[in-house]
Amino acid sequence: MSKFYITTPIYYVNDKPHIGHAYTTILADVLTRFHRRAGDEVFFLTGLDEHGQKVQQAAQKRGMSEQAHCDDLAPRFLDLWKKLGIEYSDFIRTTQDRHVKVVQDALQKVYDKGDIYADEYEGWYSVAEERFITEAEKESGAFRDVKMLKERNWFFRMSKYQQALIDHINAHPGFIQPDHRKNEILGFLKKPLADLCISRPKARMSWGIELPFDKEYVTYVWFDALLNYVTGIGYGADEEKFKMWWPATVHLMAKDILTTHSVYWTTMLFSLGLPLPERIFAHGWWLIGETKMSKSLGNVVNPLDLIDQYGVDAVRYFLMREMVLGQDANFNLEAFVKRYNSDLANDFGNLLNRVSGLIGKYFDKNIPGCETLSADDEAVTQIAKALPEKVKELVACFAVHDAIEEVMKLVRFVNAYLEKQAPWKVAKADLPRAGTILYVATESLRISAVLLSPVMPSRTDTILDILSAKGAEPVWGKLISGVTLKSHDALFPRIEQEAA
RNA sequence: CGCGGGGUAGAGCAGCCCGGAAGCUCGUCAGGCUCAUAACCUGAAGGUCGACCGUUCAAAUCGGUCCCCCGCAACCA
């Protein structure tokens, strides 16, 4: 038994929850459930980033306090997680006392160490956006009223830890995943790292955590937000709990915030004298056509709509099965319907109907006994017996889509096995033999359901309930002969083309 | 010469490290089955493996050159 501490980024409270947020969080939930089922001690942290300029501006616009604005918006995420069946261990908000106090302690600690200094910051400033912009942003021409501005600010000596970071990445091949992302970061680190501006003058932006050593400033949102990974598990407050969970097993995120995590966060940890997380994993983006799904482009697909129509398990399954490890994936309704019908309705759900129909007809709904196995039976059982280990290995390297596919291979194989064995014919001449065939098929289905339960907790629970096998391990032979199948409806009703 | 990833059947991908009959899912077509959710099973069609040159008995795989697409280059799952 080992420990598994996983995090999602804390999402910006001002954002409208979209498929990207849902994907990261479902992935974290699925991995957590896999590990919990494998007997690991798990901690799954997610939450909200509630500071920063956009929150301040939005609150002012609505004529309410920033905190009231955050409190008003937070349920958009909380409700979605509830609807998506997310079982997080804790939900942290950066405006909570437990976070604010510890961030200030951390700032003081880094300051005392001499890793924070004051300097003039000079750069392109967008008057309209009220923030400094990068050279690339200026070049894009998307910003008006751009002028050179000089401002006194506080800086974190990120450059001091550049070499230590490069060494760490090279010494720990799995630290940044997938590999091509690691190469990007190493490429990024070939250039000298500049120090990070970690303050914002209150005169310009006051909705943030005040610097303990300068009351005229609040801290930069990233310095605040990243610390949630340690404040959420008791850093600086509950040392026993903190020692139990830190370092994190994995920080999960989309590729766009990989740099902040692998450079800002790691150097902050170096300065604080804390060990680095074991792994930083960047997944891809969901695209519609060629463009990223995001709020700014106005092409948001609300996962809530899909859940209401097709059920939460179908949405979780689609997102987990369709996105390949570390790559971008395309989202469209047609692909969703295709995936749902072929995998869930035709293969998986239909297999349940096949076996339960036959057991109902020939065995009065009682799960038959299993007699001597034929070579064909053995072919099935061997796959089923090897499957849990295979799935475990794939999940360990975040290949959730491959793990799912391995299970679906068994499901397809069992459908072909039934076709070949034709228990509906055998039953008329040799009932015990038909029973054995059905036992083999049903037990394979049960094991498949257990292995898919982290992805589809709700419907697999229904299957296991029908089989009276809740809580049983995915080990061959745990299906109990003689128990009566519960009656049920189609598990995943086929979506007809008109609906698409 | 900034760094990196990729181009394989109509679509999406695996295979490449370690050369040895081109594979998977979806789609299309034909047949089978009739337990099941118009489902399931079997088979077929469909590929100059981006292009060219080279190494080799043998190249999707190794080497070289070129073309095209994409990512990173300090906002955003």
Side-chain angles (χ1 to χ4, degrees), chain A residues 8-12 15 17-28 52-54 129 131-137 158 178-191 193-194 196-197 221-222 252-260 263-264 282-286 290 292-297 321-322 324 326-330 334-335 338-339 341-362 401-402 405 408-409 412 414-427 434 437-438 441 489-497:
Chain A
T8 72
I10 47 174
Y11 307 117
Y12 203 55
D15 284 346
H18 55 70
I19 193 168
H21 300 116
Y23 175 75
T24 312
T25 311
I26 291 170
L27 180 57
Q53 185 156 268
K54 280 178 186 161
E129 284 279 312
R131 68 176 178 96
F132 283 93
I133 59 174
T134 64
E135 194 67 30
E137 283 176 324
M158 204 155 69
D179 279 340
H180 66 273
R181 297 290 166 206
K182 176 183 79 176
N183 293 336
E184 282 178 11
I185 295 300
L186 283 172
F188 177 71
L189 289 169
K190 277 179 186 163
K191 282 182 284 184
L193 210 50
L196 184 67
C197 177
V221 286
W222 274 112
L252 208 60
M253 72 208 63
K255 60 187 184 181
D256 46 53
I257 51 172
L258 178 63
T259 308
T260 46
V263 182
Y264 297 7
H283 63 72
W285 278 336
W286 283 93
E290 294 303 307
K292 188 184 117 187
M293 290 203 177
S294 77
K295 193 178 117 194
S296 55
L297 291 170
R321 176 63 187 79
E322 205 71 8
V324 174
Q327 292 182 26
D328 289 347
N330 264 285
E334 199 190 346
K338 229 173 228 177
R339 185 59 79 183
N341 277 344
S342 66
D343 288 9
L344 298 179
N346 299 350
D347 289 344
F348 190 62
N350 187 41
L351 179 58
L352 173 67
N353 276 26
R354 297 182 84 177
V355 297
S356 83
L358 287 161
I359 290 172
K361 194 166 176 183
Y362 297 105
H401 68 291
D402 281 335
E405 184 56 22
M408 291 312 296
K409 271 183 191 163
R412 284 185 217 112
V414 172
N415 271 318
Y417 164 81
L418 281 180
E419 196 69 25
K420 193 177 171 195
Q421 302 300 320
W424 50 91
K425 281 183 186 165
V426 174
I437 295 164
L438 288 172
D489 296 322
L491 205 61
F492 293 101
R494 205 181 144 75
I495 301 170
E496 296 309 328
Q497 283 313 69

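Chain naming here is simple, since letters A, B, ... match the order of the sequence lines and numbering starts at 1 in each. Since we're looking at a predicted model, the values are computed, not measured.
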Do the charged groups of A/Glu322 and A/Lys338 touch, with an N to O distance under 4.0 Å?
no
Indicate yes or no: at least one non-hydrogen side-chain atom of A/Val263 is less than 4.5 angstrom from one of A/Met158.
yes
The correct list of stems in which RNA chain B takes part (3 or more consecutive Watson-Crick or G-U pairs, distances under 3.5 Å) is B:2-7 with B:67-72, B:10-13 with B:23-26, B:28-32 with B:40-44, B:50-54 with B:62-66
For A/Asp15 and B/rA77, give me the distance from atom CG to atom C1', rounded to whole Å.
9 Å
How far apart are the closest heavy atoms of A/Ala441 and A/Leu418, and which atoms are they?
CB-CD2, 3.9 Å
What interatomic distance, in whole Å, is found between P of B/rU65 and the corresponding atom of B/rA22?
28 Å
Provide, to the nearest angstrom, the distance between the NZ atom belonging to A/Lys191 and the C1' atom belonging to B/rC3.
9 Å
d(NZ, A/Lys255; P, B/rG4) in whole Å:
18 Å
Measuring only the C1' atom in each nucleotide, how far is B/rC26 from B/rG64? A whole number of Å is fine.
38 Å
Measure the distance from CD1 on A/Ile257 to P on B/rC76 and round it to the nearest whole Å.
7 Å
Check the angle between the aromatic planes of A/Phe348 and A/Phe492 and answer parallel, tilted or perpendicular using the 30° and 60° thresholds.
tilted
Can you identify which nucleotide, out of B/rC41, B/rC75, B/rG4, has its nearest atom closest to the A/Trp222 side chain?
B/rC75
If you look at every heavy atom in A/Gln53 and A/Tyr12, which pair is closest and at what distance?
N-OH, 4.0 Å
Which value, in whole Å, describes the distance between the C1' atoms of nucleotides B/rG27 and B/rG63?
39 Å
For A/Lys425, salt bridge (charged side-chain N to carboxylate O under 4.0 Å, His left out) partners two or more places apart:
none
Which atom pair, heavy atoms only, marks the closest approach of A/Ala282 to A/Lys255?
CB-CA, 3.9 Å
P-based separation of B/rC40 from B/rC72 [nearest Å]
40 Å
Over all strands shown, is A/Leu193 touching base, sugar-phosphate only, or nothing at heavy-atom distances under 4.0 angstrom?
base
So A/Phe188, base contact, sugar-phosphate only, or nothing? Heavy-atom distance under 4.0 Å.
base
B/rG7 to B/rG50 separation - C1' atoms, rounded to the nearest Å:
6 Å
Closest non-hydrogen atoms of A/Pro423 and A/Ala434, given as atom of the first, atom of the second and distance, are O-CB, 3.9 Å
Name the nucleic acid region contacted by A/Ala335, choosing base, sugar-phosphate or nothing; use a 4.0 angstrom heavy-atom cut-off, strictly under.
nothing
Would you mind reading off the distance between A/Lys420 atom NZ and B/rG43 atom P, rounded to a whole angstrom?
12 Å
How far does the P atom of B/rG23 sit from the matching atom of B/rC18, given to the nearest Å?
24 Å
Could you pick out which residue, A/Lys190 or A/Leu252, lies toward the 5' side of RNA chain B when each is mapped onto its nearest nucleotide?
A/Lys190
Starting at atom CG of A/Asp402, determine the distance to atom C1' of B/rG12, rounded to an integer number of angstrom.
14 Å
Judged by atom type as modelled, is there a donor-acceptor pair below 3.5 Å linking the side chain of A/Tyr362 to the main-chain atoms of A/Trp424?
yes
Considering only the C1' atoms, how many Å lie between B/rU42 and B/rC57, rounded to the nearest integer?
38 Å
Test side-chain contact (heavy atoms from CB on, under 4.5 Å) on A/Thr8 and A/Met253; report intermediate values, then the result.
CA-CA 6 Å; A/Thr8 72; A/Met253 72 208 63; over 6 Å; no
Taking the C1' atom of each, how far is B/rC1 from B/rA9, in whole Å?
37 Å
Closest to the 5' end of RNA chain B, once A/Leu186 and A/Ala416 are matched to their nearest nucleotides, is A/Leu186
Spell out protein contact along nucleotides 22-38 of chain B as letters: B when the base is contacted, S when just the sugar-phosphate is, - when no protein heavy atom is under 4.0 Å; keep the 5' to 3' order.
---SS-----BSSBBB-
Counting any heavy atom closer than 4.0 Å, what does A/Tyr264 reach on the DNA or RNA strands: base, sugar-phosphate only, or nothing?
base
Grab the NE2-C1' distance between A/His18 and B/rA77 for me, whole Å please.
6 Å
Starting at CZ of A/Arg181 and ending at P of B/rC3, how long is that distance when rounded to a whole Å?
18 Å
